[in-house]
Amino acid sequence: MEFIQLIIGGVANGCVYGLIALGFVLIYKSSEGVNFAQGDMMMLGAFVALGFVNDDYFGLAFLPGIILACIVMGGVGYSMDRFVVRKIFGQPQFALVILTIAIGFVLRFVAGAIWGYSPLVLETPYAGLTFAFGGLIISAEDAVTILATILLTAVLWYFFAFTRIGLATQAASQNQLSAYYMGIPVKFLNSLIWGLSGIVATIAGVLAASKGTIDPNLGLIGIKAFAAAVIGGFGSLPGALAGGLIIGVIEPIAARYGPAGVSQTAPYVFMLLVLILRPAGLFSQITAKKV
Amino acid sequence: MKVIFKKSYDRDIDLFKDRQTALRIGLLVLVLVLVPFFASDYFLAEATNTLIWSLAGLGLMVLVGHTGQVSLGHAAFLAIGAYTDAALMNAGWPWLLAFLTAGAVTGVFGAIIAIPAIRMSGIYLAIATMALAVLVEEAVILAEPITGGVAGVFAPDIAIFGISFGRYDSLPNFYWLCLAVVVIVTFGYANLLRSATGRSFLAVRDSEISARALGINVSRTKTLAFGLSCAITGLAGGLMGHFFSFFNYEAFTIIISINLLLAVTIGGLGHIQGAFAGAILITAVPQVLAIVRDGLSNIGVDLSGVPGLDTLVFSLILIGFIIYEPLGIYGRYLKIKAFWDLFPLSRRDMFRRQMTYLKTERMK
C-alpha cells in the first residue's frame, strides 16, 4: 500500500516534469531547436498566475486567472520567437542554446524584480483537500495535476491530429521547405508553437506551484525535465510525458528504498544510461541522423 | 596590410605571424608581469580572478571552440581539480606535485567521461554534460572525508622553497604564479594548434566525415580533446581553490558551468584570444556595474535594491552578441582590424554572413 502511495505521488510529480518536457519537445519538433528557457517560462507562468489569482495582487477567481495567465504567457512565448529567436534563424543549434539560456536569466530577473526572491504560495481553491480510497490517501493537488495533464494531452492530441493549424504544424515539422512551398506560413507556425509551449509551461507552473511554494529559482527543475525529454527521445510528444512519469516515479522510490543522496541523482543516472545504451531515447520517432 | 613573403611551407604554421606580433605579445606579457607594482590589492585580486577564469576558459575553448563539442558541465571539472589539489595538499604533498596531479586526475576523468560522450553530439552532449555537473555536485556532498561535505574544505597556502605564494599574505606572488601557469598553458595551447593533433581537432569540428576520410581517428581525437580540456580546467580549478582559500560544493554549481560557456561564446569561439576576452568580460561586468551603481546613487538613483542586476546585464550583452555578432568580441575585433588594414578598400560584403540553412537531424 505504501508503495502504491509512493507511485501516486511520483506520477503527480512526473506529470509536471512531463509537461515541461512537452514544451521542449514541441519546440524541438517544430524547429529543431532546444529552448533552455522552458523551465524559466514555467516559473514565470506560475508567477503570472499568482499575480492574477492571489488576493495580494489582482485577486481574480482561480480559473479566469489561470486562463489570463495562459494568454499572457502564450504572448510571451510567441514574441520570444517572433522578435528574438527568429533573428538567429539559420545559425547552428548551439547558438539557440546559448540564446535561450540568456533569455532564461532575463526571465528569472524579471520575476525576481516583480515578485521578489522569497518563496510565495499560489492560492488554489483545492488546497489541503484529500480523498481517501481504502488505505490510500490522495491529495487534491495530486488528483488535479494528473487530471489536468490527461486533459491537456487529449486537447493537444486533438489539436495536432484534427485541426487545420495542427496538421499544418505537423507538415512544417516534417519538412519546413516543402511545407513552405505548399503555402503553409512556416514562420508564423513556429512562433505559434513557441506560444503554445508557453501555455503548456504555464499550466505546468500552476500545477507545480499548487504542490508547494514558488520562487524565481523554480525553473531549475527544468534540468530534470531535460532528463525526461531525453529519456523519452527528443522528438516524441508521448515520449516526453512518459519520460516525465518515469523520472517522477523513480525519485520517491529511490528516496524511500535507496541510500542517502540517491534520490537526487537517480534521474540523471537513468538518463545517462539511456543516452549511452539508446542514444535516440526510449520512444524515439527519429529513425536516422544525418551527420 | 602587410604581406608576408613565405619562403617555406613551415612558415604557414609559425607560432607568430611576424616579428611585430611576437613583440606585441612579449610586451603584453611584460605589462602583465609589471601589474603588481602599480595596482591596488583589490584590483590585483580581480586580475588574478580574471587570469583563473581565462585558464578555465582556455580549457573549455579546446573542447567547444576547437573540437566543436559543447559542454555545459565544466564546473564539474573545476570542482574535481580544486578538491584533488586541496586534498593532496592537506595530505602533505608539496604544491607543485599536488597541482600537476590535480590536472592529471581531472584529465583522466575527462577522458573516461569521453568514452560515452563521444557517441553523442549537439544537444544530447550538452544535456549529458549538464547532468554530469549535477552528479558531481551530489558526489562532492557525499564524499565527505575528502571534500568536507556541505561544510567545505580549506585549501592551504602555497609555499615553494620556503617562499610564500599565499592568496592573502603575498598576493603579488600568487598573481605571478597564476600568470606563469596561464602563460605556459597558452604557449602550449598555441603550439598544440600548430601540430597535427591540433589541426585534427579543427578537422573534427568542421566535419567529422571528412576528418575520417582524411584518416583521422575521430574517437581518439575527441577523447584526447576531452582529456586535454578537462586537464586545463582542472588546473584552473586547483588555482581557483587557492583563490577562494575555503570553498564548498556551492563554489562549483551548474551556474558556473553555464557562465563559463557563455564567457567563451561571447569572447569568440575558436580563438585563444576569445577565452581571454570572455574572462575579462565576465569578471569585469560586476565591477563596472558596481561603479555605475555608485555613480547613479550619487545623483539620486538607487539600484542597490535590485539583486541579480549583473546577471541581467551579462545576459543582455550575450543576447546582443548572439544576434548581431555570433563571432564574439574577438571576431568583432578581427573585422575592425581588417577594416583599417584595408582602409579605404574594405567592403561591407567582406564579412557578410552566408545564408546557412538548418542542417536537419531528422531523416526518414
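Computed from a predicted structure; not experimentally measured. First the proteins, then the strands, lettered A, B, ... as listed; each starts at 1.
Contact of I255(B) with chain A is made through the side chain alone, with heavy-atom distances under 4.5 Å. Proximity to chain A is limited to the side chain of L269(B), based on heavy atoms less than 4.5 angstrom apart. With a 4.5 angstrom heavy-atom cutoff, I258(B) touches chain A only via side-chain atoms. Contact of V97(A) with chain B is made through the side chain alone, with heavy-atom distances under 4.5 Å. Using a 4.5 Å cut-off between heavy atoms, L96(A) makes no contact with chain B at all. With a threshold of 4.5 angstrom between heavy atoms, V84(A) approaches chain B through its backbone and through its side chain. Heavy atoms closer than 4.5 Å to chain B are found in both the backbone and the side chain of I98(A).
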Subject >> Check against side-chain contact (heavy atoms from CB on, under 4.5 Å), F109(A) and T311(B) >> reply: CA-CA 8 Å; F109(A) 175 83; T311(B) 321; over 6 Å; no
Subject >> Pair V106(A)-I319(B), side-chain contact (heavy atoms from CB on, under 4.5 Å): steps then yes or no >> reply: CA-CA 10 Å; V106(A) 173; I319(B) 292 175; 4.2 Å; yes
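Counting non-hydrogen atoms of other residues, nucleotides and ligands closer than 6.0 Å to CZ of R86(A) gives a total above 12. At most 12 heavy atoms of other shown residues, nucleotides or ligands fall within 6.0 angstrom of atom OH in Y180(A).
With rounding to the nearest 0.5 Å, the separation of CZ in F94(A) from CD in Q69(B) is 11.5 Å. Rounding to the nearest 0.5 Å places CG of L132(B) at 7.0 Å from CG of L272(A). Interatomic distance, CD1 of I127(B) versus CZ of F36(A), reported as 5.0 Å (0.5 Å rounding). The CG atom of L142(B) lies 7.5 Å from the OG1 atom of T265(A); values are rounded to the nearest 0.5 Å. The distance from the NZ atom of K87(A) to the CD1 atom of I322(B) is 14.0 Å, given to the nearest 0.5 Å. To the nearest 0.5 Å, atoms CD1 (I223(A)) and CD1 (I254(B)) are separated by 4.5 Å.
Closest of all the heavy-atom pairs between A102(A) and S315(B) is O-CB, 3.6 Å.
Of the listed residues (I317(B), L262(B), I141(B)), the one with the most heavy-atom contacts under 4.5 Å to chain A is L262(B). Listed options A126(B), P116(B), A128(B) were ranked by heavy-atom pairs under 4.5 angstrom with chain A; first place goes to A128(B).
For the pair F105(A)/L312(B), no side-chain contact is recorded, criterion being any heavy-atom separation below 4.5 Å from C-beta on.
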